[in-house]
Amino acid sequence: MLTLATVMIPASASPVGIFFQQLEIGITLGAMYALVALGYTLVYGIIELINFAHGDIFMWSTVVTLAVIQAMGITASPGPVKLIGLLILLLAIGMLVSATLNYTIERFFYKPLRKAPRLAPLIAAIGASFILETIAQLWRGSSFVAFPSIFPSVGITFGSVRVNLLDVVIVIVAVVLMYGLERFIRLTRMGKAMRATAQDPEAAALMGVNINRTISMTFIIGGALAGAAGVLYNLYIAQVWFFTGFQLGLIAFTAAVLGGIGNIYGAVLGGFVIGLIEALTIQYVPGGFAWADAVVFAILVLILVFKPSGLLGQQIPNKV
Amino acid sequence: MLEIHDVDTYYGPNHVLRDLNIEVNQGEIVTLLGANAAGKTTTMKTIFGIVKPRNGTLTFKGERIDTMGTDQIIAHGLALVPEARRVFPRMTVFENLEMGAFLNNDRSVIDQDIERMYALFPRLKERAKQVAGTLSGGEQQMLAMGRALMARPQLLCMDEPSMGLSPILVQTVFDTIQEIRKQGVTVFLVEQNAFMALNIADRGYVLQQGQIVLTDTAKNLLDNDLVRRAYLGG
Ligand SMILES: Nc1ncnc2c1ncn2[C@@H]1O[C@H](COP(=O)(O)OP(=O)(O)OP(=O)(O)O)[C@@H](O)[C@H]1O
Ligand SMILES: [Mg+2]
């Protein structure tokens, strides 16, 4: 990722320091990938559709929250109390935007095709992806726009390893959301409806589950998580571009497949693993920036060939 | 209680149910007999809104159900033990039973009912924490029945509950059906095991190639020549 250069470290650090610094970067990236990967896995788990537009759902959060912060006239860090308020506001807006878009796309693009052959919704997803990208491009133009750095560059240094406050906040926000999702799916009625629908939609309907509403809710939740990732990405990478979602979406999709698509724990694990692989590739492979994406997609191909069920793939067949 | 009136059901161009008429009265056990591919499962799917009939009407306690979604039909007091059990494979036995009571919000009632199911099927209690996908076929069948009963249905429909079970388990299933009826639940039972089904049923229908060719009391059907030749090997 080109824009990662902004978070690279000085060359003076020791080899061990460099390694741990890359781990730190990998975990931060991984937290964002995991949030996006969850959206792929939730939707795939419930309707066996690869939501090709999911990366663009993420991108729309970055674009809209940039517009919001520009409208507010904020160009620098506003001080601790206001910063917390601003962070919550941006997260709320980003999550709302992406959840609404994902819901809308399901409602108008996928739902009418639910009984059509598999290829039809997949093509609709690609169409939705183009539409979302094109509108964002028409609105914000074709070039990168900088997102103002609202976080002060404070952090702690262990030896030569620097952990920024922002990185800690990113990981905490992501982990809190992932934990919330896990609890939601385990404990709430809607969560149980989602699990039952994923395992056998017809049997779930026979329990009284409203399948349409459950599918909508899945898109809303997946969208909200991508929206939160979009805000974190803006704070971290700080470059907004209409095409970001394509690449990040593919990386997150790889994470979901690596973990075992359909499995939420797998998506989280895959997200962090891919984040780490990417950070280490950038550091240790000569010309690493250019190779990072190639490595990620090589991983995708290898999993699909050798272990399509992924790291935590389902052992028990879906349909008995 | 349940009235299926002049129903035609298609899969694409494939005309499966032809002018179907079935009636189930409160408190009865009614059985629907038929060979493979006669349309028994399709009848169940039509009752539960999984496939929609092209013509005809279905009413439950006087209310049209053919215009409802599956979840609404369940909310009106019907439950199905589906063909091939269809338990949720990655949920535990306990969670499967909970899912059966999905439309019930009263936790204490749910817990009570789960205990009732454990009393009815002690096997399920032993396996409470096991994921359903790893249960034996017989255990899955009991779970599917328990799960359907968790909805406290007024009408319980069952699609070949004896399929693939050993004779002892078949006996248990049929004993349980009678027990369920005693508790006030009306039962509509699809079976290929005609002898067992007719022994516990009040009335029966015989389905051939999507058409009802015969209906009578269970007692008369047991003596009927057609039934004896086709289903009782006599
Ligand atoms: N989804 C479907 N699409 C097309 N045809 C179907 C479908 N489901 C069932 N059929 C056809 O409808 C006919 C009736 O099937 P159904 O499952 O109702 O039979 P059944 O009486 O339950 O048989 P069995 O005793 O084998 O379970 C069969 O010829 C079957 O091939
Ligand atoms: Mg059948």
Side-chain angles (χ1 to χ4, degrees), chain A residues 41-42 44-48 107 111 114-117 182-218 259-267 309-310 312-320, chain B residues 12 41 44-45 47-52 68-92 94-105 107 110 130-137 140-141 143-144 147-148 150-153 157 159 164:
Chain A
T41 241
L42 286 170
Y44 186 87
I46 213 145
I47 54 170
E48 295 183 15
R107 175 68 188 74
K111 190 175 171 197
R114 208 167 289 153
K115 293 202 170 94
E182 205 267 350
R183 294 288 88 188
F184 179 85
I185 288 181
R186 287 270 139 221
L187 301 179
T188 66
R189 257 168 72 77
M190 181 48 84
K192 284 175 191 164
M194 284 168 63
R195 283 203 295 149
T197 306
Q199 292 177 38
D200 188 336
E202 202 173 290
L206 287 169
M207 304 297 110
V209 171
N210 182 328
I211 300 297
N212 284 332
R213 196 185 304 154
T214 306
I215 293 173
S216 290
M217 195 62 185
T218 307
I261 193 141
N263 182 317
I264 61 166
Y265 304 100
S309 62
L312 305 181
Q314 308 295 354
Q315 298 304 315
I316 298 168
N318 250 326
K319 308 270 147 72
V320 180
Chain B
T41 298
M44 289 302 195
K45 288 189 170 174
I47 295 172
F48 283 87
I50 295 166
V51 293
K52 292 283 173 196
M68 295 179 185
T70 304
D71 54 319
Q72 288 172 290
I73 295 171
I74 303 299
H76 277 74
L78 288 87
L80 174 66
V81 180
E83 186 174 42
R85 295 138 198 161
R86 303 287 282 271
V87 294
F88 298 109
R90 297 191 297 280
M91 288 187 187
T92 64
F94 180 83
E95 289 173 319
N96 266 278
L97 291 174
E98 269 188 341
M99 276 311 297
F102 185 75
L103 293 177
N104 184 348
N105 284 315
R107 190 69 235 182
I110 295 174
Q130 188 172 329
V131 290
T134 61
L135 293 176
S136 78
Q140 289 190 4
Q141 187 61 57
L143 180 56
R147 186 181 65 175
M150 286 296 295
R152 298 195 157 202
C157 299
D159 194 346

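So you know, we letter chains A, B, ... as the sequences are listed, proteins then strands, and number each from 1. Quick note: numbers below take in every heavy atom, side chains included, and nothing from hydrogens, waters or symmetry partners.
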Taking only residues two or more places apart in sequence, or in another chain, which ones meet A:Arg114 in a salt bridge (Lys or Arg N to Asp or Glu O under 4.0 Å)? A:Glu106
Pairs of heavy atoms under 4.5 Å with chain A: top-ranked of B:Glu95, B:Gln72, B:Arg85: B:Glu95
Closest non-hydrogen atoms of B:Met99 and A:Ala196, given as atom of the first, atom of the second and distance, are CE-CB, 3.5 Å
Shortest non-hydrogen separation from B:Phe102 to A:Ala193 and the atoms involved: CZ-CB, 3.8 Å
Is A:Arg213 close to chain B through its backbone or its side chain, or both, or neither, when contacts mean heavy atoms under 4.5 Å? neither
Under a 4.5 Å heavy-atom cut-off, does chain A meet the side chain of B:Phe48, its backbone, both or neither? side chain
Side chain to side chain donor-acceptor pair (under 3.5 Å) partners for B:Asn104, two or more places apart: none
If we only count heavy atoms from C-beta on, is the A:Arg195 to B:Arg90 side-chain gap below 4.5 Å? no
Between A:Arg189 and B:Asn105, is there a side-chain heavy-atom distance shorter than 4.5 Å? yes
Sort B:Ile50 into side chain, backbone, both or neither according to what part of it lies under 4.5 angstrom from a heavy atom of chain A. side chain
Answer yes or no: is there a side-chain heavy-atom contact under 4.5 Å between B:Ile74 and A:Leu206? yes
pair B:Lys45-A:Glu202: side-chain heavy atoms closer than 4.5 Å: yes
For B:Gly100 and A:Met207, work out which heavy atoms get closest and say how close. CA-SD, 3.7 Å
Ignoring hydrogens, what is the shortest heavy-atom contact between B:Met91 and A:Lys192? Give both atom names and the distance. CE-O, 3.9 Å
